[in-house]
There are 2 protein chains.
Amino acid sequence: MPKKQETENPYAEWTNSLGYLMRTAFRSMSRALENRTSDHGVTASQWHFLRVLWMEDGISQRELSERVRMREPTTVVALKRLEKSGLVLRKQSPDDGRKINVYLSPKAKRLKTKLMPLVEEVNELATEGLNAEEKAELRRLLQKVNANLAAEDIYPMLPAKKR
Amino acid sequence: MPKKQETENPYAEWTNSLGYLMRTAFRSMSRALENRTSDHGVTASQWHFLRVLWMEDGISQRELSERVRMREPTTVVALKRLEKSGLVLRKQSPDDGRKINVYLSPKAKRLKTKLMPLVEEVNELATEGLNAEEKAELRRLLQKVNANLAAEDIYPMLPAKKR
DNA sequence: TCAATTTCATTAGCTAGCTATGTAAATTAA
DNA sequence: TTAATTTACATAGCTAGCTAATGAAATTGA
């Protein structure tokens, strides 16, 4: 164990823990994002669902859950709110009566061009002072962490084969 | 912009976003942690508060909020639950009638030796396959992100001067 | 010295996650 | 071809975050 910093900074030990760093980084990013998107009536959580739908409009709720890596009840509740604010429509699948497909409203599609720059802004703020290699390295390392934890996680890592 | 991977993986675009990676990494770690600590009646959220108190027993609720970087109402509610499960005691400060100091119970102090290895296990699982330099780099980059976002965040970065 | 301001904790009420459980449609198997 | 199983969604009830507003003690300042 290197003990170099500890005398300078009494908090170094636990502010250096991966869990602490993840938690604070995630919450700070969420807050920064929501500060910007809330003017358009979109929360940080909703943003994650919308981003997937902008890529794959019309997928089922189950598929959507897998994409955002949230459990089904979380998705159900999130979609109810998105539906209430007129951003998505839910239609029963004609092929399979169990499935409900989720579609973006025109309003939600228009929002994409407004929201994307805001998110870009947050990403740039978050990675300010990092060069291109460092930014790529951060992503790579986080993906590795995700892959490592996927073993005991809910869904297989994407791109997912149907299990 | 390198476009190498995009043709291989249709999800590469948004699964590469910093917000997505942070969110999934944080939630996966929380779940992995809670899977292990729940046997001892401790949630992932409570863990963060306990860890600070193991370092600085007897600090005020406000100070505790700053350390874990959560808002005061979040801390109040978390402490109520910790108090109810017999892990902390809250005593009004004799010096300042507004302050409430938070103390660990003997039970909570004993828990430290049981919980620390579990958390260590999660950290190792999360960073499996990364060498020492990569682990250090991940921490360094996350700290940089935290520092960048601190500007529009709630509390000044630690170690904090009293503001 | 006492009125105004600041600080610390709290409450109320909201969104967002989770697990456990239920229900109906589709699929599998007897 | 009907009974059992699986799949997809929903509901209930919980913890954990947040903002806004309230209350009470301490501090400031006229």
Side-chain angles (χ1 to χ4, degrees), chain A residues 23-24 26-35 37-38 41-50 59-66 68-85 88 90-102 152-155 162-163, chain B residues 23-24 26-35 37-38 41-50 59-66 68-85 88 90-102 152-155 162-163:
Chain A
R23 176 169 143 116
T24 54
F26 164 70
R27 290 227 49 78
S28 297
M29 276 203 80
S30 286
R31 283 192 281 247
L33 181 58
E34 201 153 318
N35 284 343
T37 57
S38 64
V42 172
T43 66
S45 169
Q46 293 177 332
W47 157 257
H48 292 280
F49 289 93
L50 289 177
I59 61 178
S60 72
Q61 295 191 185
R62 155 76 70 164
E63 288 171 316
L64 184 54
S65 298
E66 293 186 10
V68 296
R69 304 190 82 72
M70 291 292 135
R71 309 217 109 116
E72 284 87 345
T74 302
T75 303
V76 168
V77 176
L79 287 177
K80 268 191 191 159
R81 295 205 57 235
L82 283 167
E83 192 173 35
K84 190 174 278 184
S85 43
V88 307
R90 302 185 308 148
K91 275 192 277 196
Q92 192 172 35
S93 165
D95 307 328
D96 186 333
R98 295 169 301 180
K99 292 191 182 178
I100 295 194
N101 294 327
V102 184
E152 62 180 271
D153 205 358
I154 31 178
Y155 303 117
K162 298 284 171 294
R163 22 170 208 173
Chain B
R23 176 169 144 114
T24 54
F26 164 71
R27 289 227 51 77
S28 296
M29 277 203 79
S30 287
R31 283 191 282 246
L33 182 58
E34 201 155 316
N35 284 343
T37 58
S38 63
V42 172
T43 66
S45 169
Q46 292 177 333
W47 157 257
H48 292 280
F49 289 93
L50 289 177
I59 60 178
S60 72
Q61 295 192 184
R62 154 75 70 164
E63 288 170 318
L64 183 55
S65 299
E66 293 186 10
V68 295
R69 302 190 82 73
M70 291 292 135
R71 307 259 179 195
E72 284 87 346
T74 302
T75 303
V76 168
V77 175
L79 287 177
K80 268 190 192 160
R81 294 204 59 236
L82 283 167
E83 193 172 34
K84 189 174 280 185
S85 42
V88 306
R90 302 185 310 145
K91 276 191 275 195
Q92 192 170 36
S93 165
D95 307 329
D96 187 333
R98 295 168 301 179
K99 293 190 181 177
I100 294 194
N101 294 328
V102 183
E152 61 180 273
D153 205 356
I154 31 177
Y155 303 117
K162 299 284 170 295
R163 20 168 210 178

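Every chain is numbered from 1, with letters handed out A, B, ... down the list of sequences. Predicted model, so just to flag it, every value in this text is computed and none were measured.
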Non-hydrogen side-chain atoms of [X] and [Y] separated by less than 4.5 Å:
X     : Y     : result
B/S60 : B/E66 : no
B/E72 : B/R62 : yes
B/R69 : A/R27 : no

Euclidean distance, atom [atom1] of residue [X] to atom [atom2] of [N] [Å, nearest integer]:
X     : N      : atom1 : atom2 : answer
B/D95 : D/dA25 : CG    : P     : 16 Å
A/R27 : C/dG17 : CZ    : C1'   : 11 Å
B/L33 : C/dG17 : CG    : P     : 19 Å
A/Q61 : D/dT7  : CD    : C1'   : 13 Å
A/E34 : C/dA16 : CD    : P     : 7 Å
A/R98 : C/dT23 : CZ    : P     : 18 Å
B/E63 : C/dT7  : CD    : P     : 14 Å
A/Q92 : C/dA24 : CD    : C1'   : 10 Å

Using only side-chain N and O atoms of [X], determine if any of them is under 4.0 Å from OP1 or OP2 of [N].
X     : N      : value
B/R90 : C/dT10 : yes
B/R71 : D/dG17 : no
A/T43 : C/dA16 : yes
A/T74 : C/dC18 : yes
A/R31 : D/dC18 : yes
A/K80 : D/dT11 : yes
A/S45 : C/dG17 : yes

DNA chain D nearest-nucleotide lookup for B/R81 and B/P73: closer to the 5′ end is B/R81
Whichever of A/R23 and A/I100 has the more 5' nearest nucleotide on DNA chain D, that residue is A/I100
Working to the nearest 0.5 angstrom, can you tell me the gap between B/Q46 CD and B/S38 OG? 11.0 Å
Could you check A/D96 against A/Q46 and say which one's nearest nucleotide on DNA chain C is further toward the 5' end? A/Q46
Atom of B/Q61, atom of B/T75 and distance for their closest heavy-atom approach: O-CG2, 4.0 Å
Which part of the nucleic acid does A/S60 contact within heavy-atom distance under 4.0 Å: base, sugar-phosphate only, or nothing? sugar-phosphate
